[in-house]
> 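Pasting a structure below so you can have a look.
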Protein chains: 2
Amino acid sequence: MARNQEQNDKIRKERKEQIRAEALRQFATQGLFATRIADIAAGVGMAQGLLYHYYPSKDMIFVDLIDDALDKLNKASLYVKDMQASAREKILFALQELLKTIETSEQFSDTCRLIAQATNSTAIPEDAQQLIEEKRDIPYEAIATVMAAGQREGSVIAGDPRMLAILFWTSVNGLAIYYSTRKDAGEMPDYRILAKMFLRDKVFGEEE
Amino acid sequence: MARNQEQNDKIRKERKEQIRAEALRQFATQGLFATRIADIAAGVGMAQGLLYHYYPSKDMIFVDLIDDALDKLNKASLYVKDMQASAREKILFALQELLKTIETSEQFSDTCRLIAQATNSTAIPEDAQQLIEEKRDIPYEAIATVMAAGQREGSVIAGDPRMLAILFWTSVNGLAIYYSTRKDAGEMPDYRILAKMFLRDKVFGEEE
DNA sequence: GTCTATATCCAGATAGAC
DNA sequence: GTCTATCTGGATATAGAC
């Protein structure tokens with residue numbers, strides 16, 4: 001009977017992951033309130049009632065996804081901050097990776113959109129609001145640290161490093177929203193144009 | 001009796017404007033679906049039933065506001081495009097004005113947020129979707145025209161002008177969202193940092 | 001674990017009195 | 001023009017059979 005236990009656990013975990021994936025897609029594209037629990041269940045291919053064996057409520061799915069989304073973003077931010085490289089290289093690397101990921105990963109775009117949906121509405125579950133309150137500043141702080149280091153090394157322009165970090169993230173975020181909401185978006189801009197905002201010296205090799 | 005007619009029209013117009021203002025605030029901060037028609041009516045200080053003498057449905061209020069928001073943005077964009085000034089000056093002026101307006105005008109922030117809410121969800125009324133489809137590209141085209149002129153005059157970096165326009169608007173939009181969703185936002189960044197992305201030559205007077 | 005059927009609630013919209 | 005009271009539909013969540 002211990003064998004069945006294991007199998008059940010595995011099924012349970014897989015099912016939960018299916019629900020999460022489907023809910024992420026729908027929440028990101030439609031928003032929390034416009035997404036019906038029946039649609040998520042239908043998307044997964046399970047009965048509506050069954051979904052409640054995995055999550056106690058629609059809100060809880062949302063909170064779970066928000067928590068996950070914030071953690072992923074924070075982890076990536078801290079990775080960049082703690083890289084072995086110059087500040088200049090970190091900024092260029094981060095922008096290049098972010099833009100590439102926005103372009104190629106549907107799931108990453110959805111994650112950005114989910115966070116946008118959540119931060120842009122006061123009508124989300126209180127738990128989700130608290131998570132955002134706690135965790136949303138970490139990427140800003142990480143990049144601000146890099147900017148300050150860049151100022152010391154002479155590669156980054158003068159100004160409040162936190163302000164530069166805000167410009168960094170709001171620009172990336174704006175792009176992410178733009179590209180995830182247009183099918184006809186075309187290709188991504190060159191990441192070096194964004195980098196040009198923050199760096200004192202030339203970022204383009206041949207041209208300019 | 002013609003006198004009463006006039007007065008009624010005036011009351012009617014004022015009332016409608018009150019509803020619009022309240023709905024804009026609530027749609028922008030909560031989203032279409034989380035906003036209840038009862039709350040809008042309460043915010044205006046009228047009975048729920050009375051609201052239906054001014055608008056046939058919640059969706060129609062939303063569509064009306066979206067239409068208005070897009071028109072305002074487009075008008076401002078075309079104003080900048082047709083200014084009597086160099087492309088470089090137009091870019092600097094536009095960014096300066098946009099950032100100042102985001103900072104000072106609650107209503108402008110709400111307008112940006114409303115558009116963000118609308119473009120970021122597929123679950124909005126079809127009429128609204130069509131309006132967005134029709135009108136949202138105008139600001140991009142206007143700024144792209146300015147960017148192309150700037151390239152000819154030698155002040156703007158190389159690259160697809162439409163791409164530069166996308167960077168222009170997504171950056172501004174990201175900032176607008178950021179500042180409208182934080183009470184503790186602090187002051188706006190220097191608009192010249194954003195301008196630095198697009199301009200070949202120095203944008204800061206003394207420093208750098 | 002999975003489904004169908006159902007209870008419950010709530011928001012949008014309407015009717016009708018004043 | 002304004003209000004109160006009500007209808008109606010639809011979505012969340014639950015109950016109970018298999």
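For the numbers below, each heavy atom of this structure counts, side chains included, while hydrogens, waters and symmetry mates do not. Order of the sequence lines fixes the chain letters, A, B, ..., with proteins taken first and strands second; residue numbering starts at 1 for each chain.
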> Measure up the Phe93(A) and Tyr79(A) rings against each other and bin them: parallel (under 30°), tilted (30 to 60°), perpendicular (over 60°).
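The rings of Phe93(A) and Tyr79(A) sit tilted, inter-plane angle from 30° to 60°.
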> Compute the angle between the rotation axes at the two ends of the helix from dG1(C)-dC18(D) to dC18(C)-dG1(D), each taken over five pairs, rounded to 10 degrees.
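Computed angle between terminal axes is 10°.
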> Hey, can you pull the residues of residues 19-41 of chain A with a non-hydrogen atom under 4.0 angstrom from DNA chain C?
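By residue number: none to list.
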> Have Gln18(A) and Glu22(A) got a donor and an acceptor in their side chains that come within less than 3.5 Å?
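Glu22(A) and Gln18(A) do not have a side-chain donor-acceptor pair below 3.5 Å.
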> Tell me whether the rings of Tyr178(B) and Tyr140(A) are parallel (<30°), tilted (30 to 60°) or perpendicular (>60°).
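Correct class here is tilted.
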> Do side-chain atoms of Ser121(B) reach the backbone of Ala118(B) as a donor and acceptor pair under 3.5 angstrom?
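Checked: no pair found.
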> Is the backbone of Ile102(A) close enough, under 3.5 Å, to the side chain of Ser109(A) for a donor and an acceptor to pair up by distance?
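Yes.
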> Looking only at heavy atoms, what is the nearest atom pair of Lys90(B) and Met83(B), with distance?
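Reported closest heavy-atom pair: CE-O, 3.2 Å.
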> Can you give the first and last nucleotides of DNA chain D, 5' to 3', that have an atom under 4.0 Å from a heavy atom of chain A?
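Range of nucleotides touched by chain A: dA11(D) to dT14(D).
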> Check every strand shown and say whether Tyr55(A) touches a base, only sugar-phosphate, or nothing at a heavy-atom separation below 4.0 Å.
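No contact.
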> Atom CG of Leu51(B) to atom P of dG12(C): distance rounded to whole Å?
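Going from Leu51(B) (CG) to dG12(C) (P), I get 10 Å.
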> Let me know which of Arg15(A), Lys13(A), Arg20(A) forms a salt bridge (charged side-chain N to carboxylate O under 4.0 Å, His left out) with Glu17(A).
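Testing Glu17(A) for a salt bridge (charged side-chain N to carboxylate O under 4.0 Å, His left out) against Arg15(A), Lys13(A), Arg20(A) leaves exactly one candidate, Arg20(A).
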> Near Met60(B) CE, under 6.0 Å, is it more than 12 heavy atoms from other residues, nucleotides or ligands?
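Result for CE/Met60(B): open.
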> Return yes if some donor-acceptor pair links the side-chain N/O of Lys196(B) with the main-chain N/O of Phe204(B) below 3.5 Å, else return no.
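Checking the backbone N and O of Phe204(B) against the side chain of Lys196(B), no donor-acceptor pair under 3.5 Å is found.
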> Knowing that exactly one of Val63(B), Thr119(B), Ile124(B) qualifies, which makes a side chain to side chain contact (heavy atoms under 4.5 Å, CB included) with Gln129(B)?
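Testing each of Val63(B), Thr119(B), Ile124(B) against Gln129(B), the sole residue satisfying side chain to side chain contact (heavy atoms under 4.5 Å, CB included) is Ile124(B).
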